[in-house]
Every structure is written in C-alpha cells, then in structure tokens.
Asker: 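My questions all concern the structure below.
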Number of protein chains: 2
Amino acid sequence: MKPIDIFKALSNETRLNILQWLKEPEKHFPKQGAHLPKEVSIKGGVCVGDIQEKANASQSTVSHYLNMMQKAGLLESVRYGQWTYYRRNEEVIRQMADFFKTEI
Amino acid sequence: MKPIDIFKALSNETRLNILQWLKEPEKHFPKQGAHLPKEVSIKGGVCVGDIQEKANASQSTVSHYLNMMQKAGLLESVRYGQWTYYRRNEEVIRQMADFFKTEI
DNA sequence: TTGACATATCTAAAAACATCGATATATAAT
DNA sequence: ATTATATATCGATGTTTTTAGATATGTCAA
C-alpha cells in the first residue's frame, strides 16, 4: 500500500465520488449489470460506461481515472466479455483507513 | 473539513513526513523550543526553521507547505515573537480519520 | 468477415502545482 | 537607528496533472 498514491487518487472530486458511489452500486447505478446474465454476478462491479455516464467526463478520462485508482489499489477490475467491471478493493481501503487512524 | 484539500496536502512525501514528525515533536526535533522561556509552553509546536532543517527543502518551500497544511486544517500555528510554531490540529485529523473510515 | 460497441492507450494542449531565489515584513538585540 | 534573525510572500520557471479527441484493441452479433 502506497499512501501517497492513494492520497493523490483521492485528491480529485470525481474520483472521490466514484469511490463513494461504488460503496452502494445498486443505489447509484440502477441499471447495473444489465448486460450480465443472471448467473454471472460480479458483486459490486460497475462497468466503465455506467460510471462515465454518472461522472460526466469523457470516456478516456474516466478510463484513466479508473486505471489510476486501480494502480493505487483502491479498485480492482474484472473483465466480462467486452465490459470491464470495477469494484472497490475493500481490503486496501480498510488498511488505508487504519493507516490514517494510527500513522497519520 | 474539506477532504480533498487534506488529501492534496498529504499527496507529498515531505508534507506527510512533517505531519508524522509532529506526532512526536520531542523525538524528531530535539532542540525544540530552545528559543522559548520555560514558562511559555507551546505544546507540540515546532518552529519553521527546525522543520525546514529536518525537511531538507528551502525556507520558502517549507513555509509554503506549512501554510497549505494549515489551510487544509491539518496544522495550526502560534506566533511567539519572531517565531511561528506549528503543531498538529488533532481534532481535524481525528475527524478526517473518522471520515475515511466511515465515508470512503 | 464485417460492423458495432466497450474499453484502453496515445498524443497533445492547457491548467495546476512545485520549487527556489529574491524580496518584504516583523521582531529582537545592540 | 541599525543590524540580525525568522518567517512570509513574490515572481519566475520547470514539472506534473488534467482532460479530451483520436486511434487501437478486443469482443460480440449478424
């Protein structure tokens, strides 16, 4: 876990929003998983297009955001067909919250 | 409390170090308060010069760092004569840790 | 195989940030 | 008053970040 990369990733309103939206995907992305057959459940994952629509930024920008958040460890991705689903990496987020509490 | 300003302030190794050093001022700044008469105790405060020396950056850079950390709410300052003593704002830091734990 | 769609990557331009030396301000000491 | 010291602010420059359009890659459907 690299705290500075995580802080950088969170230093932007849109990225911070994305992370928070993904806490409750079904609430913030009602049409979530519309593409997926029922038997495939990518729990909590939302595809780039849905995130882009809500984030109101260009496709390349959102893709870039998601990539940097993943590199920082905040998100993880699963590819299903032509879609990439991003979800929170709760383990890292929890570690970071602990780090903040005890080391900052 | 503006989380994004706080994240920005923490997105830099030197600034992150400063905040952590100030958790244990007596440990990291042995000559702390050398200028101060005993009866004036600015608990946990360290002057800019001492911080600069340890941070190994220019005086203007460190002054700027401290100012932005203060604006973000992470630090508070007390002026005593020609010195400005900076110390952590534990209240804000705690709030931020809670925010991270519950909202991120 | 072709065409449509989702996502990633590339490229470039603008905006923001980082950093320092120089200068200003404030206080202290002589 | 002058000088010295501590800190803040200014101004300039180099670096990083942001952002989007264009293009590439990969997948699906006909």
Side-chain angles (χ1 to χ4, degrees), chain A residues 2 4-19 22 29 31-37 40 42 45-72 74-87, chain B residues 2 4-19 22 29 31-37 40 42 45-72 74-87:
Chain A
K2 291 171 150 178
I4 290 184
D5 288 343
I6 291 181
F7 287 136
K8 275 187 191 156
L10 296 176
S11 298
N12 172 284
E13 192 172 1
T14 301
R15 290 191 298 261
L16 186 55
N17 282 337
I18 290 171
L19 196 63
L22 289 175
F29 304 95
K31 18 176 226 180
Q32 175 223 175
H35 331 286
L36 290 172
V40 179
I42 296 176
V46 178
C47 72
V48 180
D50 288 355
I51 297 172
Q52 187 209 333
E53 190 178 339
K54 189 157 175 94
N56 204 34
S58 78
Q59 188 271 324
S60 65
T61 296
V62 172
S63 180
H64 179 219
Y65 280 0
L66 295 170
N67 184 255
M68 82 176 275
M69 291 170 81
Q70 179 170 31
K71 276 186 180 148
L74 293 167
L75 299 181
E76 52 195 2
S77 67
V78 180
R79 184 163 252 266
Y80 181 75
Q82 58 198 137
W83 292 279
T84 305
Y85 289 84
Y86 283 90
R87 62 172 174 238
Chain B
K2 289 171 152 179
I4 289 184
D5 289 342
I6 292 181
F7 287 136
K8 273 189 192 150
L10 296 175
S11 299
N12 172 284
E13 192 173 1
T14 301
R15 290 192 297 262
L16 186 55
N17 283 336
I18 290 171
L19 195 64
L22 290 175
F29 304 95
K31 17 176 226 183
Q32 174 223 174
H35 330 287
L36 290 172
V40 180
I42 297 176
V46 179
C47 71
V48 179
D50 288 355
I51 296 171
Q52 186 209 334
E53 191 178 338
K54 188 157 176 94
N56 204 37
S58 79
Q59 188 271 324
S60 64
T61 297
V62 171
S63 180
H64 179 223
Y65 281 179
L66 295 170
N67 183 256
M68 82 177 275
M69 290 170 81
Q70 179 170 30
K71 276 186 180 147
L74 293 167
L75 301 181
E76 53 195 2
S77 68
V78 180
R79 185 162 250 267
Y80 180 75
Q82 59 198 134
W83 293 279
T84 305
Y85 289 83
Y86 284 89
R87 63 169 174 240

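Bear in mind the structure is a predicted one, so any value in this text is a computation, not a measurement. Just so it is clear: chains get the letters A, B, ... in the order the sequence lines come, proteins before strands, and each one is counted from 1.
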Asker: Select from A:Lys8 and B:Val48 the residue whose nearest nucleotide in DNA chain D is closer to the 5' end of that strand.
Answerer: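 So the residue in question is B:Val48.
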Asker: Counting any heavy atom closer than 4.0 Å, what does A:Thr84 reach on the DNA or RNA strands: base, sugar-phosphate only, or nothing?
Answerer: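 The answer is sugar-phosphate, as A:Thr84 gets under 4.0 Å only of primed atoms, P, OP1 or OP2.
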Asker: Quick one: does any side-chain atom of A:Arg15 pair with a main-chain N or O of A:Asn17 as donor and acceptor, under 3.5 Å?
Answerer: no
Asker: With rounding to the nearest 0.5 angstrom, report the CG to OG1 distance, B:Asn56 to B:Thr61.
Answerer: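 Nearest 0.5 Å value for the CG-OG1 distance: 11.0 Å.
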Asker: Looking at side-chain heavy atoms only, is the closest gap between A:Leu75 and A:Leu19 below 4.5 Å?
Answerer: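 Yes; the side chains approach each other to less than 4.5 Å.
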Asker: Could you check how far CE of B:Met68 sits from C1' of C:dA18, rounded to whole Å?
Answerer: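 Between C1' of C:dA18 and CE of B:Met68: 10 Å.
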Asker: Quick one: pull up CE in A:Met68 and CG in A:Asp5 and give me the separation to the nearest 0.5 Å.
Answerer: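 With rounding to 0.5 Å, CE (A:Met68) is 8.0 Å from CG (A:Asp5).
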Asker: Kindly give the atom pairs (protein nitrogen or oxygen, nucleotide nitrogen or oxygen) under 3.5 Å for nucleotides 3-5 of chain D.
Answerer:
from	atom 1	to	atom 2	distance (Å)
D:dT5	O2	B:Gln82	NE2	2.8

Asker: Rounding to an integer number of Å, can you tell me how far B:Asn67 CG sits from C:dA18 C1'?
Answerer: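 So the two atoms are 14 Å apart, to the nearest Å.
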Asker: Do the non-hydrogen side-chain atoms of A:Ile18 and A:Tyr86 ever get within less than 4.5 Å of each other?
Answerer: no
Asker: To the nearest 0.5 Å, what is the distance between NZ (A:Lys2) and NZ (A:Lys8)?
Answerer: 9.5 Å
Asker: Would you kindly give the CG-to-P distance between A:Asp50 and C:dC5, to the nearest whole Å?
Answerer: 16 Å
Asker: Roughly how many Å is it from CZ in A:Arg79 to P in D:dT25, rounded to a whole number?
Answerer: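 Distance, rounded to whole Å: 14 Å.
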Asker: Output the rounded distance in Å from OH (B:Tyr85) to C1' (D:dT7).
Answerer: 12 Å
Asker: I want to check something: taking the side chain as every heavy atom from C-beta on, are B:Asp50 and B:Lys54 in contact at a cut-off of under 4.5 Å?
Answerer: no
Asker: Under 3.5 Å between N/O atoms: give me all the protein pairs with nucleotides 20-22 of chain D, atom names plus distance.
Answerer:
from	atom 1	to	atom 2	distance (Å)
D:dA20	OP2	A:Ser58	N	3.2
D:dA20	OP2	A:Ser58	OG	3.2
D:dA20	OP2	A:Thr61	OG1	2.7
D:dA20	N7	A:Ser60	OG	2.9
D:dG21	N7	A:Ser60	OG	3.4
D:dG21	O6	A:Ser60	OG	3.0

Asker: For the residue pair A:Leu22 and A:Phe29, establish whether any side-chain heavy-atom pair is separated by less than 4.5 Å.
Answerer: yes
Asker: From OH of B:Tyr80 over to P of C:dA28, roughly how many Å is that when rounded to an integer?
Answerer: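 Nearest whole value for this atom pair: 8 Å.
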Asker: Is the phosphate of C:dA8, meaning OP1 or OP2, less than 4.0 Å from a side-chain N or O of A:Tyr86?
Answerer: yes
Asker: Can you tell me how far C1' of D:dT17 sits from CD1 of B:Ile4, to the nearest Å?
Answerer: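 Distance check: B:Ile4 CD1 to D:dT17 C1' gives 15 Å.
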Asker: Quick one, A:Leu10 and A:Leu74 - any side-chain contact, counting heavy atoms below 4.5 Å?
Answerer: yes
Asker: Roughly how many Å is it from CD in B:Glu13 to C1' in C:dA18, rounded to a whole number?
Answerer: 15 Å
